[in-house]
Amino acid sequence: MEDLTAWERVKRARGGERPTSIDYISGIFDRFMELHGDRACRDDGAIVGGIAQIDGIMVTVIGEQKGRTMKQNLKRNFGMPNPEGYRKALRLMKQAEKFGRPIVCFVDTPGAFCGMEAEERGQGEAIARNLYEMSALKVPVLSILIGEGGSGGALALAVANEVWMLENATYSILSPEGFASILWKDGKRADEAAEVMKITAGDLKNLCMVERVFAENIEREESEISLTDEETEAAAQLEEYKSDTEQENTEQERSSVLTRDNMQLLADELRAGILEFLRIYHGKTPTQIVEERYQRFRKF
Amino acid sequence: MGEKNKRTGQNDYMADAFAEPQVPDGLFWKCEKCGEIIYSEDIVANYHICPNCQSYFRVPPRARISMVADKGSFTEWDTGLPVSDPLRFPGYLEKLERMREITGVDEAVVTGFVRIDGMPAAMGVMASSFMMGSMGEIVGEKLTRMIERATRERLPVVIFCCSGGARMQEGIVSLMQMAKTAGALKRHSDAGLYYLSVLTDPTTGGVVASFAMLGDTILAEPGALIGFAGPRVIEQTIGQKLPDGFQRAEFLLEHGFVDKIVRRDRLRKTLSFLIEANGGVKPQEMYTTRQHNSGAAQKAVEID
């Protein structure tokens, strides 16, 4: 793992180049069909959901979706779901339960949207309902925090049997800016707040809030493992090739920021992890699955 | 408002939980809505409602319990749970100690067994005066224990919500209380039991996004502020002023998120009616008395 301050990790988690839910879905699963709508109000672009296939197994996948461009972000509302997004997620989860599909959620949101219409349509009720119903789903639920895990808006997709985090993802009660402004009346002390709040993957692992943490900078860590001569040579050639073709990107390469272009090793590792999760939970009864999830949150 | 005029230094909550609400140290309160200076006994005798402008004062747990409970029927549960300070937040433990002294309750919620017009129930009452009723580990734990016990003992659950949301000082642990309480309520519901949530001013944030909005029936007090995001946060997000009445109880009623707005003078009767209608069991002798009295004069149709 890289040695970064909590605030640096917050900035990584929010980074515009960071892979989004859709990137992980296409990087991990063999097939994916997106399904839309909450059947009550509208389709929320801040949440994508559908049915995916992984190694022949059907799963329901739901993710909070940020955009990269301004146009995308208008569609995705910067990854801040409205109530209809949570209701769509719940509809898909209940359907997964009906047909016995395990559920995988990708969490990446600054928080549930704080707008007038969101309040009118019951933002609090929608989140509460998800927590309530998710607590008793008879199929296994896995939630992976891939970027920002903002408060109730993140928890609404994270009442899971296991919660995993990427190295530079965060999970918090509210933004460090909000925390600093409420408790110290000074939003500019966000960097300080980030340290105090225990929001990094390492901190949350220590607090037993997450089961697994995935290193993001896999390439470098792997190169530290002894390679065969052939591999070393291939790696050297690849580096040479890269330095020829991607001179502009070299700085970024060196700082090892996770992007869509260098995420495949991580996606492979997540895929292997998900398959292992599915294998373990395949052997459990619905009662066991529900009870274990209940006890996971009961202990907090 | 009322909670600013707290009795100080008293820790005798259990001793006189059923006495009439006490007159606070200051004999006169100022109503923040109309500015009128009012003799505090007049407010207490009037269900903590301003006799001048009819606006609702916030009610401390002790007074709320005596407002709805049969005299002497309340037994408190789960007091003195060990304090958690997961972030080791500077000054937090001292602040909790100070809040306990000022409010006379051990955390931002009081839970226990109660009878309302003879109907037994498990009841939780949140204290706005205790760090704005914020939910940390102890609040979540007390509520979850109460709900689990109610499930075991087949009791309905009543919660008077009043909270600014999750408690910041406990970070992510506070967030987890939302899932914990919601999960316990789901089990209570799956056991066929009734949960009645009463939203009082203010009910916001993580409490709205968990147990407050999960009642089989959701009641609200007139004018109570109820919402996920606070009005200031929304105004900052959308860059405009919110209309009058936004996120008030009447607004939520109009949008379909509460069943009924209930006045304090009707609270006890409303609660006992709903509990009885939803599987509550009244002691036999009260049942027979009621049958004798039932007749045309008793007929009441509540439409509002």
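For clarity, every value in this text was computed on a predicted model and none was experimentally measured. Each chain gets a letter, A, B and so on, in the order its sequence line appears, and its residues count up from 1.
- With a 4.5 Å cut-off on non-hydrogen atoms, Ile234(B) touches chain A through its backbone and its side chain both.
- Among Thr181(B), Leu214(B), Ile238(B), the residue with the largest count of heavy-atom pairs under 4.5 Å with chain A is Leu214(B).
- For a residue to count as touching a neighbouring chain, one of its non-hydrogen atoms must lie under 4.5 Å from one of that chain's; by this rule Val196(A) touches chain B with backbone and side chain alike.
- Here Arg187(B) pairs with Glu291(A) in a salt bridge; the nearest charged N to carboxylate O distance falls below 4.0 Å.
- If you measure heavy-atom distances from Arg232(B) to chain A, you find no contacts under 4.5 Å at all.
- Within the cation-pi definition used here (under 6.0 Å to the ring centroid, within 45° of the axis), Lys284(A) qualifies as a partner of Tyr281(A).
- Between Gln95(A) and Lys98(A), the side chains place no donor N or O within less than 3.5 Å of an acceptor N or O (distance only, hydrogens not considered).
- Proximity to chain B (any heavy atom under 4.5 Å) is restricted, for Leu204(A), to the side chain, taken from C-beta onward.
- For chain B, the nearby part of Ser172(A) is the backbone; its heavy atoms alone come within less than 4.5 Å.
- Chain B forms the most heavy-atom pairs under 4.5 Å with one residue out of Met197(A), Gln123(A), Arg296(A), Met116(A), and that residue is Met116(A).
- Between the side chain of Thr111(B) and the backbone N or O of Met146(B), no donor-acceptor pair lies under 3.5 Å.
- In Lys94(A), the NZ atom is crowded: over 12 heavy atoms of neighbouring residues, nucleotides or ligands sit closer than 6.0 Å.
- With respect to Arg14(A) and Glu148(A), a salt bridge is recorded, a charged nitrogen being found less than 4.0 Å from a carboxylate O.
- Residue contact with chain A, scored on non-hydrogen atoms closer than 4.5 Å, involves the backbone and the side chain of Ala184(B) alike.
- Taking the six-membered ring where tryptophan is involved, the planes of Phe297(A) and Phe300(A) are perpendicular, since the angle between them exceeds 60° and thus also 30°.
- For chain A, the nearby part of Leu242(B) is the side chain; its heavy atoms alone come within less than 4.5 Å.
- At a 4.5 Å heavy-atom cutoff, the contact between Phe179(A) and chain B is made by side-chain atoms alone.
- Side chains of Glu216(A) and Asn168(A): a donor-acceptor N/O pair is present below 3.5 angstrom, by distance only.
- Chain A forms the most heavy-atom pairs under 4.5 Å with one residue out of Thr144(B), Ile218(B), Leu175(B), Val208(B), and that residue is Leu175(B).
- In this structure a side-chain-to-backbone donor-acceptor pair under 3.5 Å is missing from Ser174(B) to Ala166(B).
- Neither the backbone nor the side chain of Pro231(B) comes within contact range of chain A; no heavy atom of the residue lies under 4.5 Å from a heavy atom of that chain.
- Most heavy-atom pairs under 4.5 Å with chain B: of the set Ser151(A), Ala118(A), Ala136(A), this distinction falls to Ser151(A).
- In this structure, the portion of Met209(A) lying under 4.5 Å from any heavy atom of chain B is its side chain and not its backbone.
- Contact of Arg293(A) with chain B is not made at all, since no heavy-atom distance falls under 4.5 Å.
- In this structure, no portion of Glu254(B) lies under 4.5 Å from any heavy atom of chain A.
- Options Leu252(B), Thr237(B), Ile226(B), Val233(B) differ in how many heavy-atom pairs under 4.5 Å they form with chain A, and the most are formed by Thr237(B).
- Proximity to chain A (any heavy atom under 4.5 Å) is restricted, for Gln177(B), to the side chain, taken from C-beta onward.
- Neither the backbone nor the side chain of Phe211(B) comes within contact range of chain A; no heavy atoms are under 4.5 Å apart.
- A salt bridge is absent between Glu221(B) and Arg248(B); no separation between the charged side-chain nitrogens and carboxylate oxygens falls under 4.0 Å.
- Paired with Lys142(B) under the rule side chain to side chain donor-acceptor pair (under 3.5 Å), one option of Asp78(B), Asp106(B), Thr79(B) passes, and it is Asp106(B).
- Looking only at distances, no side-chain donor or acceptor of Glu235(B) sits under 3.5 Å from a matching main-chain atom of Gln240(B).
- Looking only at heavy-atom pairs under 4.5 Å with chain B, the residue among Glu125(A), Lys198(A), Glu119(A) that has the most is Glu119(A).
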